[in-house]
Amino acid sequence: MSWARALAFNLAFFAWTVVLGTLGLPFLFTPRAVTMRFGRFWAASVLVLLKLIVGLDHQIRGLDRIPRGGCIIAMKHQSAWDALALPVVLGDPAVVVKRELLLLPFYGWYAARAGSIAIDRKAGAGALRRMLARARPVAAAGRPIVIFPEGTRVAPGERRAYQPGVAALYQALALPLVPAAVNSGLYWGRRSFVKCKGRIVLEFLEPIPPGRTRPRLMAELERRVETATAALLREGRETRRR
């Protein structure tokens, strides 16, 4: 049954994306904020399809912990759902994404126009410099900057080293950093065709104020994100057993 629901969702998702993405092509020539509003509408509609067809809903916790004005959000990344939900949850975020994603038809075109921060992970220190250059005007505009500190999707229960990009942003921009945990991988796994019925939880944690040293920041960030993520995974697994 899960496979059938996933097939129905995938067909609806791709058909809707092609239709809406084609009709919305003029938005690529409008101001960035207008393009973002259109992209947010697409993302919200996909989340509705996900709930209606698969039975996969979500809950957001800790939105009141996100500071007004500019901030950095360092979020655990387990699923394609994470990037899909961010514009709906945060309104007008600038998400740090790998450059290859901007080459994808429709999604990449709109993501680039909406103000994503693309990085070339093979470019080393040059990638960090370009990321910081693109992040500064975003921070000045008061938009939240979202970065996935492990640099890629990581399956539930697995861990990868936290990359230096998050510390570079934190130190260069002197903004509060909000850790965020999620259990989306339990329901929509990395490169997984099947999407499972349930409720994804995304939780924003207490901000880390500016001024931490890099070693202290990275240790605190990883401890808090991994601890909260483990708790959400336990909660999700217990809920699925009922």
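As a basis for the values below, the full set of heavy atoms in this structure was taken, side chains included, without hydrogen atoms, waters or symmetry mates.
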| said: Would you say that W188 contacts L50 through its side chain, given a criterion of any heavy-atom pair below 4.5 Å between the two side chains? | reply: yes

| message | According to a hydrophobic-cluster definition based on side-chain heavy atoms being under 4.5 Å apart (Ile, Leu, Val, Met, Phe, Trp, Tyr only), do V54 and V201 belong together? | response | no

| remark: Here the gap from L221 atom CG to R214 atom CZ, rounded to the nearest 0.5 Å, amounts to 12.5 Å

| query | Y110 side chain to L25 main-chain N or O, any donor-acceptor pair under 3.5 Å? | reply | yes

| field | Exam field: side chain D57 to backbone K51, donor-acceptor pair closer than 3.5 Å | value | no

| task | In plain terms, say whether E235 and R199 are close enough for a salt bridge, that is, a side-chain N and a carboxylate O under 4.0 Å apart. | result | yes

| request: Give the minimum heavy-atom separation between A74 and V225, together with the two atoms involved. | output: O-CG2, 4.1 Å

| request: Please answer whether the main-chain N or O of L7 pairs with a side-chain N or O of N10 as donor and acceptor at a distance below 3.5 Å. | output: no

| said: Using modelled atom types and a 3.5 Å cut-off, is there a donor and acceptor pairing between side-chain atoms of R113 and backbone atoms of L28? | reply: yes

| said: Quick check: do F27 and F41 have side-chain heavy atoms less than 4.5 Å from each other? | reply: no

| request: Using a strict 4.0 Å threshold on nitrogen-to-oxygen distance, state whether E203 and R65 make a salt bridge. | output: yes

| request: Output the distance between atom CZ (R68) and atom CD1 (I66), rounded to the nearest 0.5 Å. | output: 12.0 Å

| request: Check A181 against A228 and note the closest heavy-atom contact, atom names and distance. | output: CB-CB, 3.6 Å

| field | Hydrophobic cluster membership, I117 vs M36, 4.5 Å side-chain cutoff | value | no

| query | Does V182 share a hydrophobic cluster with V89, counting links as ILVMFWY side-chain heavy atoms below 4.5 Å and allowing steps through other members? | reply | yes

| task | Could you walk me through whether L132 and L169 pass the side chain to side chain contact (heavy atoms under 4.5 Å, CB included) test, one step at a time? | result | CA-CA 6 Å; L132 293 176; L169 284 173; 3.7 Å; yes

| query | Are any non-hydrogen side-chain atoms of Y187 and W81 less than 4.5 angstrom apart? | reply | no

| Check ion pair E150-R159 (N to O, under 4.0 angstrom) | no

| request: Check step by step if side chain to side chain contact (heavy atoms under 4.5 Å, CB included) holds for L20 and T17. | output: CA-CA 5 Å; L20 194 63; T17 298; over 6 Å; no

| request: With rounding to the nearest 0.5 Å, note down the distance linking OH in Y162 to CD in E222. | output: 5.5 Å

| Is R224 salt-bridged to E220, going by a charged N under 4.0 Å from an acidic O? | yes

| query | Of all heavy-atom pairs between A6 and V194, which one has the smallest distance, and what is that distance? | reply | CB-CA, 3.7 Å

| query | Mind checking whether F13 and W16 have ring centres under 6.0 Å apart? | reply | no

| message | Can you tell me how far apart CZ (R190) and OG (S79) are? Round to the nearest 0.5 Å. | response | 11.5 Å

| Separation of L102 CG from S116 OG (nearest 0.5 Å) | 6.0 Å

| query | Which heavy-atom pair separates Q171 from T213 by the least distance, and what is that distance? | reply | NE2-C, 4.2 Å

| query | Taking ILVMFWY side chains as joined if any heavy atoms are under 4.5 angstrom apart, and letting links pass through other members, which residues group with V154? | reply | none

| said: Do R5 and K195 have side chains that approach each other closer than 4.5 Å (heavy atoms only, starting at C-beta)? | reply: no

| message | For a 4.5 angstrom cut-off between non-hydrogen side-chain atoms, does I200 reach L56? | response | yes

| Euclidean distance, T229 OG1 relative to M75 CE, rounded to 0.5 Å | 9.0 Å

| With the 4.5 Å side-chain cut-off for hydrophobic clustering, are W109 and L103 part of the same group? | no

| So, for G157 and L233, which heavy atoms are closest and what is the spacing to 0.1 Å? | N-CD1, 3.8 Å

| said: I'd like to check F106 versus T22 (side-chain heavy atoms, cut-off strictly below 4.5 Å). Are they in contact? | reply: yes

| field | Y170 side-chain N/O to R212 backbone N/O, donor-acceptor pair under 3.5 Å | value | yes

| query | Is a side-chain N or O of R40 found less than 3.5 angstrom from the main chain of V88, in a donor-acceptor match? | reply | no

| CA sep, side-chain torsions, deciding dist, call: L202, H58, side chain to side chain contact (heavy atoms under 4.5 Å, CB included) | CA-CA 8 Å; L202 167 59; H58 62 272; over 6 Å; no

| query | R99 side chain to I119 main-chain N or O, any donor-acceptor pair under 3.5 Å? | reply | no

| Would you call the rings of F148 and H77 parallel, tilted or perpendicular if under 30° counts as parallel and over 60° as perpendicular? | parallel

| Step-by-step side chain to side chain contact (heavy atoms under 4.5 Å, CB included) determination, L90 to F204 | CA-CA 11 Å; L90 297 175; F204 298 100; 4.0 Å; yes

| query | Does Q78 reach the main-chain N or O of K76 with its side chain, forming a donor-acceptor pair under 3.5 Å? | reply | no

| Note, P209 side chain near P176 side chain (heavy atom, < 4.5 Å) | no

| said: Applying a strict under-4.5 Å side-chain criterion to I, L, V, M, F, W and Y, I'd like to know whether F193 and L11 cluster together. | reply: yes

| message | Quick one: does any side-chain atom of T227 pair with a main-chain N or O of R223 as donor and acceptor, under 3.5 Å? | response | yes

| message | I'd like to know if the side chain of R134 reaches the main chain of A118, judged simply by a donor and an acceptor atom lying under 3.5 Å from each other, with no hydrogens or angles considered. | response | yes

| task | For residues I145 and I73, determine if any side-chain heavy atom of one lies less than 4.5 Å from a side-chain heavy atom of the other. | result | no

| task | Could you pull out the closest heavy-atom pair between L205 and V178, with the gap in Å? | result | O-CG1, 3.4 Å

